[in-house]
Amino acid sequence: MNLEELNKEQKEAVLKTEGPLLILAGAGSGKTKVLTTKIAYLIEECGIDPYNILAITFTNKAAKEMQNRVYNMVGEKAKKAQISTFHSFGVSILRSNYRYLGYSSNIVILDSDDSLTVVKRTLRELGFDNKVYNANKIRNIISDSKNNDVSPEEFAKKAYDDESVVASKVYAEYERKLKINNTVDFDDLLILPIKLFKEHKEVLKMYEDRFQYVLIDEYQDTNEAQYTLTKMLTKNNRNICCVGDIDQSIYSFRGANYRNILNFEKDYKEATVIKLEQNYRSTTTILDAANDVIKNNKERKDKVLWSNNGIGEKISYYRAQNGSDEARYVTKEINKLVDQGVEYRDIAVLYRTNAMSRILEEGFINDKVPYHIVGGIGFYNRKEIKDIIAYLKLIYNEKDDISLLRVINTPKRGIGNRSIEKLIEKSNEENKSIYDVISGGKEQGFKDLIEILKDKQNKMTLTDLVEEILIMTGIRKEYEDEKTLESENRLENLEEFKSITRTFEDREGLVSLEDFLTELSLVTDVDESNDGDDNKVNLLTVHSVKGLEFDYVFIIGLEEGIFPHMNSFGIDSELEEERRLCYVAITRARKKLFISNAIFRIMFGQEQSSEPSRYIKEINPELIDIVNPEINKHNSKVQEKINAESKYNDEDVDLQAGDNVYHDVFGQGKVISVSNDIAKIAFKHPYGVKSLIKNHKSISKI
DNA sequence: GGTTAGAGTATCTTC
DNA sequence: TACTCTAACC
């Protein structure tokens, strides 16, 4: 096997096949190449059966790509290796072992929206006002508890205030509901395998025997459960290879803990650590800028990326008048690039929040720039698509209450709130799913309909089944009768959905409802980003661009309040995460980076102004070429004026921890801490602790 | 039981 | 702004 294309460290990482290995791989240092080569090396040179290899990637797309690359190196047998995300891996374990865990075969996976719906419903059923108790927050509490192995009972014991008492009750009921419905949430996909392994050592033994070699990518973004799962599988074999980069840890909001990397050497005492610091992706200008930004983080291992790719062009910085001006700038620059022979597909525009894609879209449509939005509120979030999926889920698992409640009266069948409430009551009393307690009434008609469709399920292809649902439920007729622009659109979307099922069938051969639904729940829009088939500009969030690279990258909205996001103000750990996010964004670019922001931007329907992001100031000015210095100067005067006029007090307000204050919106509060210009203040329920600009006029000492 | 207007709230990121 | 939820009316 030819390892000549690898540098010294990369080669070392490939050759070290036995025992624990940690690869600290900087952005663009060729880690995917190392991982795939390593898998191929294990198979070809060490004679390892691919069946004994487990490789975990961050997205399904990355998994597919890795599988393909290994396929190109070793051929057909690559397919025997298990290459997937943690969540897909969890699903496969569940599907083979559901009996041990007390589930039946047709498990439906809930997405985060579904979980939230269950929480809301549970709050209501338990008689709590969901204006007082924030369902989202409670869902997060439940998720955290599950991930940290805290049971509802344990949580109830530790409950310390009104909210956590309510949360503990909702948590218990939430778990009961999921189980009765034979449904699992995203957390369960990781937690249930752990539970299984703890309770059934023989099953764990089987997986240990199978997965002699375990490789994990993006280790900095593993959460507690993923960490535990990894440790359980590799405790005895010890052939574990983790790849990660602390500077690219950007998923802490989801429970990821980059300290898993820092602790690797403690967990595996005999570990070898290899650093990959040569970057093969970007120009030194881009790398220097990235290094300038990230070196301001305190919590990190020292590392400096370098490259041989030459200095390249300076970074272009444009400070726009407002959002649409910024969009115009982006399209103008894109058109210039395209005139120079650049392909649209080699360009990406990155933003902090999905909401920012809209204004870009307008600009792109105006200037006729072809684009592709990755992720965001996409196709699968449309009502008609959610409805058809709910029908499919219900046909697959009639106990799935969430899907049932979604479609029992869609289209209208005259089953109103009263009847539904009665059904829910009955199902709670009898500890059964809603479907199982239906007997008689209009509901019976609905049940009969589902029974007929269930019967058809095995007798036709997926696409035909979808068509059958559209006809038999009356969904199609409803939209056809409506004859509005909107209903036309919905019909088109439903046709589009059928072409998705058809594509799926063509790709996989004849497929089961189970496979299709699993893919739907786990494969996200991010996995759909265009692979160069379409020559379009990619629009995506900084989070979803992780692992990708483009010749030309635009980072827009580099403003205080957006990037870094205002919710992170005053919280050091979160500001550092925002900075890592910025680092990830910068290091996506190969040839040239464009950064921009806007003085005025419409948010929440109101025009607001903001200053340039602190991260821009951290970059050595010599690396930056300011596109519009005059406007910039003028604008900074405007900016000063805005600042002077309104929101802030002229003099510094002396706020200290312990001070009582009054806020125009949140009322009375107590200062918890003050750092720099940010005061953390605890307000009364339901506001809680807020981080606010200390000198804001809305705050006064009392 | 269905419809609709008004209120309220969120936009932070995702498997 | 735009979406979702609720209450009141039909």
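Lettering of chains follows the sequences in order, A, B, ..., and the numbering in each one begins at 1. Worth saying up front: this structure is predicted, and the values here are computed from it rather than measured.
Within 3.5 Å, no donor on the side chain of A/Ser88 pairs with an acceptor on the base of B/dC15, nor the reverse.
Comparing the same atom, C1', in B/dT11 and in C/dT6 gives a spacing of 23 Å after rounding to whole Å.
Note: A/Phe197 and A/Tyr207 have tilted aromatic rings, judged against thresholds of 30 and 60 degrees for the angle between ring planes.
Within the 6.0 Å centre-distance limit, the rings of A/His543 and A/Phe253 are counted as a close aromatic pair.
To the nearest angstrom, P of B/dT13 lies 13 Å from CD1 of A/Ile250. The distance between atom CG of A/Leu116 and atom P of B/dT14, rounded to the nearest whole Å, is 16 Å. Here the P atom of nucleotide B/dC15 and the CD atom of A/Glu519 are 13 Å apart, to the nearest Å. A/Leu520 has its CG atom 14 Å from the P atom of B/dC15, to the nearest Å. Rounded to a whole Å, the CG atom of A/Leu189 is 14 Å from the C1' atom of B/dT14. Atom C1' of nucleotide B/dC15 and atom NZ of A/Lys546 are separated by 12 Å, given to the nearest angstrom. Between A/Glu218 atom CD and B/dC15 atom C1' there is a gap of 13 Å when expressed in whole angstrom units. Atom pair A/Tyr380:OH and B/dT14:P shows a separation of 17 Å (rounding to whole Å applied).
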Check nucleotides 2-12 of chain B for protein N or O atoms closer than 3.5 Å to its own N or O atoms and list the pairs.
unit_1, atom_1, unit_2, atom_2, d
B/dG2, OP1, A/Gly414, N, 3.1
B/dG2, OP2, A/Asn409, ND2, 3.2
B/dC12, OP2, A/His565, NE2, 3.0
B/dC12, O4', A/His565, NE2, 3.2
B/dC12, O2, A/Arg352, NH1, 3.1
B/dC12, O2, A/Arg352, NH2, 2.4

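No contact: A/Phe86 has no heavy atom under 4.0 Å from any strand. Using a 4.0 Å heavy-atom cutoff across all strands shown, A/Lys383 reaches no nucleic acid atom at all. Heavy atoms of A/Arg601 sit nowhere under 4.0 angstrom from any nucleic acid atom.
Phosphate proximity of B/dT14 to A/Ser544: present, with a side-chain N or O under 4.0 Å from OP1 or OP2. Look at A/Thr59 and you won't find any side-chain N or O under 4.0 angstrom from OP1 or OP2 of B/dC15. For B/dC15, neither phosphate oxygen OP1 nor OP2 lies less than 4.0 angstrom from any side-chain nitrogen or oxygen of A/Ser521.
Between A/Glu560 and A/Arg614 there is a salt bridge, with a side-chain nitrogen of the basic residue lying less than 4.0 Å from a carboxylate oxygen of the acidic one. Ion pairing between A/Glu218 and A/Lys31 holds under the 4.0 Å rule for side-chain N and carboxylate O. For A/Arg490 and A/Glu482, the salt-bridge test fails: no basic side-chain N is under 4.0 Å from an acidic carboxylate O. The pair A/Glu443-A/Lys447 does not count as a salt bridge, with every side-chain nitrogen at least 4.0 angstrom from each carboxylate oxygen.
With A/Tyr251 as the aromatic partner, A/Arg254 meets the cation-pi criteria of under 6.0 angstrom to the ring centre and within 45 degrees of the ring axis. A cation-pi arrangement is found for A/Lys546 relative to A/Phe58, the charged atom lying closer than 6.0 Å to the ring centre and inside a 45° cone about the ring normal.
Counting only residues at least two apart or on different chains, the side chain to side chain donor-acceptor pair (under 3.5 Å) pairs with a member in residues 410-421 of chain A are A/Tyr391-A/Arg413.
With 3.5 Å as the limit, one finds a donor-acceptor pair spanning the side chains of A/Ser143 and A/Asp187.
Interface limits on DNA chain C: the 5'-most and 3'-most nucleotides within less than 4.0 Å of chain A heavy atoms are C/dT1 to C/dT6.
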